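This structure is a prediction, so every number in the text was calculated from the model and none was measured. Just so we're on the same page: letters track the sequence lines, and every chain starts at 1.
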Amino acid sequence: MLVGGSGYLRVAEEEMAVQLLPSGLYASPRLCEAVRGHEPRLQHQLQHGAPAAAVLADLRDIAERRIGTSAREALPPAEFYERVIAELDGLGWSVLLSLSPALDEVELLQRDDAGREHAITMILPSEYPRLEPRTRTALPAPFEISWPRAATTGRPEYSLAAVMSQFKRELQKHQLLWDILDDFDANTWVLEPLHPTRDCVMRRIALSGNCSLQISLHVGAPTSLPELLFLGADRILRPLREALNSNLGVWSVQRGVRENLQDVLQTQFPSRPQTALGEGDAYTTECAICYNYRSLDDTVPECACDACGKPYHGTCLNEWLRSLPTTQQSFNRLFGECPYCSRPIAVEMFADRILG
Amino acid sequence: MPLSGVALMRMKKELEMVYQDPSPGVSAWMQEDDASELDATIEGPEGTPYARGLFKLRLSIPPRYPFEPPKISFMTPIYHPNIDSAGRICLDILNLPPKGAWTPSLNISTLLTSIRLLMSEPNAEDGLMADITHEYVHDPAAFESKAREHTQRHAAPSKSTGEPSCDSNVSRSSPLRDSLITTTSKVSELSSLDGRSPKDDGKRQCVR
C-alpha cells in the first residue's frame with residue numbers, strides 16, 4: 001500500500017512542491033497545470049499500487065515535456081509557412097529579391113511605369129496573417145497601407161498581394177519626381193549623393209569654376225522651384241544669384257526642373273567628365289605628400305614605404321621628417337615614420353634647396 | 001601671401017579633389033584666386049544638436065603646407081565643448097607634432113570630415129570651453145537644448161537676413177512667390193555671416 005509523504009520534484013531546473021497522501025496526489029499549481037490531461041493515467045497507476053518512485057518519475061517526465069517545450073521560443077505554426085509560400089507562388093518567385101531563413105522577412109521587387117526597380121521589405125509577425133506585417137521602403141514620402149476588410153468579419157485582411165498593388169499605386173505618385181531626378185543624374189555632374197536612393201530628393205551638382213549647387217525638390221510639387229543652395233566662391237556665384245532673382249518669371253511648371261534652372265541661371269550645367277578623379281585611384285603613382293608626380297625639381301617619386309607602399313619624392317619626405325623632433329639621423333640617412341602607416345621609414349638626406 | 005612651390009602644387013590637386021569627389025556634408029573653395037585662403041562649410045550631422053545647421057569655416061593655408069597644418073576656425077558661432085567663442089577648434093590633428101598629430105597624409109577634406117566628427121562626438125576629456133564641457137558631461141539635456149538653440153539662431157540656412165532681395169522683380173501674384181521667399185533666403189545665406197572679430201575670444205588655451 002502507498003505510504004504518504006511530501007517533498008519537491010525537480011522539473012526543468014525548477015523545484016516544485018508535491019505531496020503524496022493516501023487521499024490522493026497534490027502538487028503546486030504550476031505542476032498541476034503541466035500535467036493536465038494526464039490525470040487518469042496517474043490515477044490508474046496509483047490505484048493499481050505502482051511504487052511511489054515510479055509514479056513520481058512518470059509525473060516528472062510528463063511535466064518536463066510540457067514545461068521544457070514552452071520555455072523554448074515558440075515557432076510560428078506550420079500554417080504560417082504554408083501561407084507565405086502560397087502567397088509567393090501567387091506573386092511569382094521572380095519578384096522575390098531576398099527571403100530570410102525563417103521566412104519572416106520578405107523583400108520583393110516592384111517595377112514602376114518607367115521600368116525603375118523598387119524594393120519593398122515586409123516583416124511578417126509569427127501570427128501572420130492574423131496580425132499586420134510591417135513594411136520598409138525607400139520612398140520620398142511615408143507610405144501608408146490601407147488593408148482591405150473581409151466582407152464577413154469586417155476584420156482587415158493582410159496579404160502580400162495587397163501590399164504589392166498599393167506599392168505600385170504609390171510608385172505612380174512619384175513618377176514625375178523620379179523623372180526629374182533621373183534627368184539630373186543623366187545630364188549633369190552629380191557630386192553628391194554618390195549612389196542616390198529613390199527616397200533622396202537632393203542632388204548637389206557641379207557648376208563651372210569649382211562651384212556647386214545643391215537642389216532639393218519638393219516631393220508634392222516636383223516641377224516647382226526647388227530649394228537651392230549655392231556653394232562656392234562668391235565672385236562666381238554672384239552673377240548666378242542675380243540671374244536667379246531677375247529671371248524667376250520665366251520658370252514654368254510645365255517644363256523640367258533642369259531646363260528651367262538652366263534658363264533662369266542662364267548657364268549650362270557641365271556633365272560628368274569621362275575620367276573623373278577619384279576613380280581607379282587604388283593605383284597611384286603621385287607623391288603621397290605633394291600629390292604630384294613631377295616634383296619642383298622635376299624628379300619622380302623615387303621612395304616608397306616598405307609597409308604600405310605609398311610613394312614619395314625624396315625631397316618631400318626629407319622636408320617632413322626633418323620637421324619632426326622624433327626623427328633620427330645616422331650618417332646621411334634620416335629615420336622616422338611613414339606619414340600614412342606610421343611604420344619605420346628611412347630616406348637619404350638631401351641638401352637644403354636654395355630656391356623655391 | 002599667395003602660395004608657391006609645393007604648397008601651391010598640392011593645393012591645386014586638393015581643390016580638384018575636394019570639388020570632384022566631395023566628402024559627405026563638407027565643401028571647400030577658394031575665396032578669390034588665391035589658394036591660401038579657403039572658405040568651407042560643414043552641414044551639421046544628423047542626430048546631433050547641430051543638425052539642419054550650415055556652419056561656415058575659414059581655412060588659412062600656410063606657405064609650408066603640407067608640412068604644417070592649415071589654420072581652421074569656425075566663422076559661424078557654435079556651442080561646443082571643444083570650440084571657443086572665437087571659433088578656434090581644439091583638435092589634435094590641427095597641430096604639429098609633438099604637441100599635435102598633424103601629418104601630410106591628412107588633407108583639407110579629411111580635416112573637415114574630422115571636424116564634423118568632433119561635432120557629433122565632443123571630446124569631454126580635452127574641453128576648451130570649461131563651462132560647456134561641464135554642462136555636456138553633467139547635464140546633457142541642457143547642453144543639447146542650448147546647442148540646438150544656438151544652431152537655430154546662428155546656423156539655420158534659411159534664417160539669414162541680408163542681400164539679395166528679389167521682391168522688386170516678381171509680382172505679388174506670382175504662384176512661385178512662396179517658394180521664392182525660402183529660396184531667396186537660401187541664396188543669401190552664404191554671404192550673411194556675422195562679422196565676428198577674432199579678438200573677443202576667451203583667453204583659454206587648448207591644454208593637452
(message) How about CZ on A:Arg294, more than 12 heavy atoms from neighbouring residues, nucleotides or ligands closer than 6.0 Å, or not?
(response) yes
(request) Validate the cation-pi geometry between B:Arg10 and A:Tyr291: distance from NZ or CZ to the six-membered ring centre under 6.0 Å, angle to the ring axis within 45°. (result) yes
(message) So that I can tick it off, tell me whether B:Lys12 and B:Glu16 are bridged by a salt bridge, with the cut-off set at under 4.0 angstrom between side-chain N and carboxylate O.
(response) no
(message) Is A:Thr326 close to chain B through its backbone or its side chain, or both, or neither, when contacts mean heavy atoms under 4.5 Å?
(response) neither
(request) Heavy-atom distances under 4.5 Å only: say whether A:Gln214 touches chain B with side chain, backbone, both or neither. (result) side chain
(request) Tell me, yes or no, whether the heavy-atom count around A:Gln175 atom CD, taken from other residues, nucleotides or ligands under 6.0 Å, exceeds 12. (result) yes
(request) Name the option with the most non-hydrogen atom pairs under 4.5 Å to chain A; the candidates are B:Pro66, B:Pro22, B:Ala28. (result) B:Pro22
(message) Taking A:Tyr293's backbone N and O only, do any of them form a donor-acceptor pair with A:His313's side chain (distance below 3.5 Å, no angle check)?
(response) yes
(message) Pairing donors with acceptors under 3.5 angstrom, does anything connect the side chains of B:Glu14 and B:Tyr65?
(response) yes
(message) So which residue, A:Ile236, A:Asn292, A:Asn247, ends up with the most heavy-atom pairs under 4.5 Å with chain B?
(response) A:Asn292
(message) Need one label for B:Leu96: side chain, backbone, both or neither, based on atoms under 4.5 Å from any heavy atom in chain A.
(response) side chain
(message) Heavy-atom pairs under 4.5 Å with chain A: which of B:Ser27, B:Ala7, B:Ala40 has the most?
(response) B:Ser27
(request) Would you mind checking which part of A:Ala288 comes under 4.5 Å of any heavy atom in chain B, side chain (CB onward), backbone (N, CA, C, O), both or neither? (result) backbone
(request) Would you verify whether the NZ or CZ of B:Lys146 falls within 45 degrees of the ring axis of B:Tyr79 while also being under 6.0 Å from that six-membered ring's centre? (result) no
(request) Go through the side-chain N and O atoms of A:Asp297 and A:Thr299 and say whether any donor and acceptor fall under 3.5 Å apart. (result) no
(request) Could you tell me which portion of A:Cys211 (side chain, backbone, both or neither) has an atom closer than 4.5 angstrom to a non-hydrogen atom of chain B? (result) backbone
(message) Need one label for A:Leu207: side chain, backbone, both or neither, based on atoms under 4.5 Å from any heavy atom in chain B.
(response) backbone
(request) Identify, with sequence neighbours excluded, every residue that meets salt bridge (Lys or Arg N to Asp or Glu O under 4.0 Å) alongside A:Glu192. (result) A:Arg204
(message) Can you tell me if A:Glu259 has over 12 outside heavy atoms packed within less than 6.0 Å of its CD?
(response) yes
(message) Report which part of A:Leu324 has an atom under 4.5 Å of a heavy atom belonging to chain B: side chain, backbone, both, or neither.
(response) side chain
(request) Count the heavy atoms of every other residue, nucleotide or ligand shown that sit under 6.0 Å from CZ of A:Arg343, and state whether that count exceeds 12. (result) no
(request) Enumerate by number any residue of residues 102-112 of chain B whose heavy atoms lie under 4.5 Å from heavy atoms of chain A; in the absence of such residues, state 'none'. (result) B:Trp102, B:Thr103, B:Pro104, B:Ser105, B:Leu106, B:Asn107
